[in-house]
Protein chains: 2
Amino acid sequence: MSAELDKIDYKILRLLQQDGRTGNAEIAKRVNVSAATCHRRTQRLFEDGYIQNVRAQIAPDKVDRGALVMVGVVLDRSTPESFGAFEAACRALPFILDCHLVAGDFDYFLKIRVRDMADFNHLHGDQLIALPGVRQTRTFFVMKEVVDNAPLAF
Amino acid sequence: MSAELDKIDYKILRLLQQDGRTGNAEIAKRVNVSAATCHRRTQRLFEDGYIQNVRAQIAPDKVDRGALVMVGVVLDRSTPESFGAFEAACRALPFILDCHLVAGDFDYFLKIRVRDMADFNHLHGDQLIALPGVRQTRTFFVMKEVVDNAPLAF
DNA sequence: TGCGGACATGCAATATCCTTTCACTTTGAT
DNA sequence: ATCAAAGTGAAAGGATATTGCATGTCCGCA
């Protein structure tokens, strides 16, 4: 089986990335193949992991998560155990949208969604600086979301 | 009409956020209402903007976007025109996933996906530092994606 | 050149699901 | 208690997804 994708597959991926609810018949029309073929291709894209999942994007401010904060984190020690503990803790905190180990002045970058600044301050005091091995954090409040989670271009 | 959401609405939102392809019948079963009611509620969640859209999440490494980079940007001047020009330029660059105006040591934070480091270096030299009004950038290569774009908790 | 196997495609039939209609029930204000 | 507005469930119709099958295509190999 060819592991490569052709132009039709890429079109399907782009269509589903733009609107994951697009029906099979509609996709078939747009990429100029029969519904059956389109269905089989789409299914393969799921099975082979090209499409990780399809998720509804909830309006953050409508569910009281209107505030976005970026946080740089520096750990006490740079041991594997220290990193592991911190990462495990991050995965368990539901308000952390992104957690990335980076090279540079920080060890980790976090992207956090909360209701408002007051909410973040509680959270920062109660949970963030209490995370395992945290030496220092630097907070960047987001004042304007110019682009958030744009679709992948490929 | 009540602008508020009840427990059933929240359940629907959570289900669709976890899997946007979940059929109406399946949702109805899980939230214990009839298919008709569930359909109407879901439709309302779309129409009233609680669900912004439904998007397939494409595996980045499968489409040659395996490298993630965070970039802090400082502008020359802090004028509205300067900000506006920079933001417009960012919106036009497809590899920029996030672009946020922040308070702190940087003016903007960018989240960028490219194929690899070499690709980013070209991009940085050709396009990033050429963005309007950029005085300085600081690059943080992501070495490990611990959590990326986690579903919103509410 | 000819042959055979693996694969992809389209058509058509089947099964499944969505979507609307209608009558009934609940809710809330007077 | 009464009325109006909104919500609810069951059923029917229409649209859609999904599968089986025959045909066509490509590639390796003799």
Side-chain angles (χ1 to χ4, degrees), chain A residues 1-65 149 151-154, chain B residues 1-65 149 151-154:
Chain A
M1 167 181 298
S2 64
E4 283 292 320
L5 300 183
D6 61 12
K7 279 187 178 178
I8 293 178
D9 293 315
Y10 277 109
K11 274 190 189 175
I12 295 175
L13 286 180
R14 270 186 279 263
L15 284 174
L16 285 177
Q17 189 182 213
Q18 197 205 359
D19 182 359
R21 305 214 101 182
T22 308
N24 185 62
E26 177 69 18
I27 300 177
K29 239 179 292 179
R30 302 240 209 136
V31 301
N32 286 324
V33 294
S34 74
T37 296
C38 184
H39 180 263
R40 276 186 288 256
R41 279 181 181 253
T42 304
Q43 204 164 325
R44 187 172 74 93
L45 291 174
F46 276 94
E47 285 168 358
D48 293 355
Y50 290 93
I51 300 176
Q52 292 174 330
N53 52 51
V54 178
R55 294 214 317 243
Q57 319 270 314
I58 311 299
D61 55 309
K62 296 253 187 180
V63 291
D64 273 337
R65 294 297 182 276
N149 197 23
L152 206 53
F154 52 89
Chain B
M1 170 182 294
S2 64
E4 284 292 320
L5 301 183
D6 60 12
K7 279 187 178 178
I8 292 178
D9 294 315
Y10 277 108
K11 275 190 188 176
I12 294 175
L13 286 181
R14 270 185 279 263
L15 284 175
L16 285 177
Q17 189 182 212
Q18 197 205 0
D19 182 0
R21 304 215 104 187
T22 309
N24 184 62
E26 176 69 17
I27 300 177
K29 240 179 291 179
R30 302 240 207 137
V31 301
N32 285 324
V33 294
S34 74
T37 296
C38 184
H39 180 262
R40 276 185 296 259
R41 281 182 179 253
T42 304
Q43 205 164 328
R44 187 172 74 93
L45 292 174
F46 276 94
E47 285 167 0
D48 292 356
Y50 290 93
I51 301 177
Q52 293 175 329
N53 52 51
V54 178
R55 294 212 320 240
Q57 319 269 314
I58 311 299
D61 55 309
K62 296 253 187 179
V63 291
D64 273 337
R65 294 296 181 277
N149 198 23
L152 206 54
F154 53 89

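Model, not experiment: these values are computed from the prediction. Chain A is the first sequence line, chain B the second, and so forth, proteins listed ahead of strands; every chain is numbered from 1.
In this structure, B:F46 places its CZ atom 13 Å from P of C:dC18, rounding to the nearest Å. Put simply, NE2 on B:H39 is 17 Å from C1' on C:dC22, counting in whole angstrom units. One can place NZ of A:K7 at 19 Å from C1' of C:dA8, the figure rounded to the nearest angstrom. Atom CD in B:Q43 sits roughly 15 Å away from atom C1' in D:dG7 (whole-Å rounding). Following rounding to the nearest Å, A:D6 (CG) and C:dA8 (P) show an atom-to-atom distance of 10 Å.
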Can I get a per-line list of side-chain donor-acceptor pairs under 3.5 Å for residues 34-42 of chain B, giving both atom names and the distance, sequence neighbours left out?
residue : atom : partner : partner atom : Å
B:S34   : OG   : B:T37   : N            : 3.2
B:S34   : OG   : B:T37   : OG1          : 3.2
B:H39   : ND1  : B:Q43   : OE1          : 3.4
B:R41   : NH1  : B:D6    : OD1          : 2.9
B:R41   : NH1  : B:D6    : OD2          : 3.0
B:R41   : NH1  : B:D9    : OD1          : 3.1
B:R41   : NH1  : B:D9    : OD2          : 3.2
B:R41   : NH2  : B:D6    : OD2          : 3.1
B:T42   : OG1  : B:C38   : O            : 2.8

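Between A:L5 and A:L45, some side-chain heavy-atom pair lies under the 4.5 Å cut-off.
Less than 4.0 Å separates DNA chain D from at least one heavy atom of each of the following residues of residues 20-34 of chain A: A:G23, A:N24, A:A25.
Between A:T37 and C:dG10 there is a side-chain polar atom (N or O) within less than 4.0 angstrom of OP1 or OP2.
A donor-acceptor contact under 3.5 Å is formed by the side chain of A:R40 with the base of C:dG10.
Shown here for B:D19 and B:T22, the closest heavy-atom pair between the two residues is O-OG1, 2.7 Å. Here the closest heavy-atom approach between residue B:Q52 and residue A:I58 is recorded as OE1-O, 4.1 Å. Looking at every heavy atom in both residues, A:R65 comes nearest to B:F154 through NH2-CA, 3.8 Å.
Comparing D:dG7, C:dT21, C:dT9 against the side chain of B:R41 picks out D:dG7 as the nearest.
Listed for the B:Q57 side chain is no donor-acceptor partner under 3.5 Å among the backbone atoms of A:R55.
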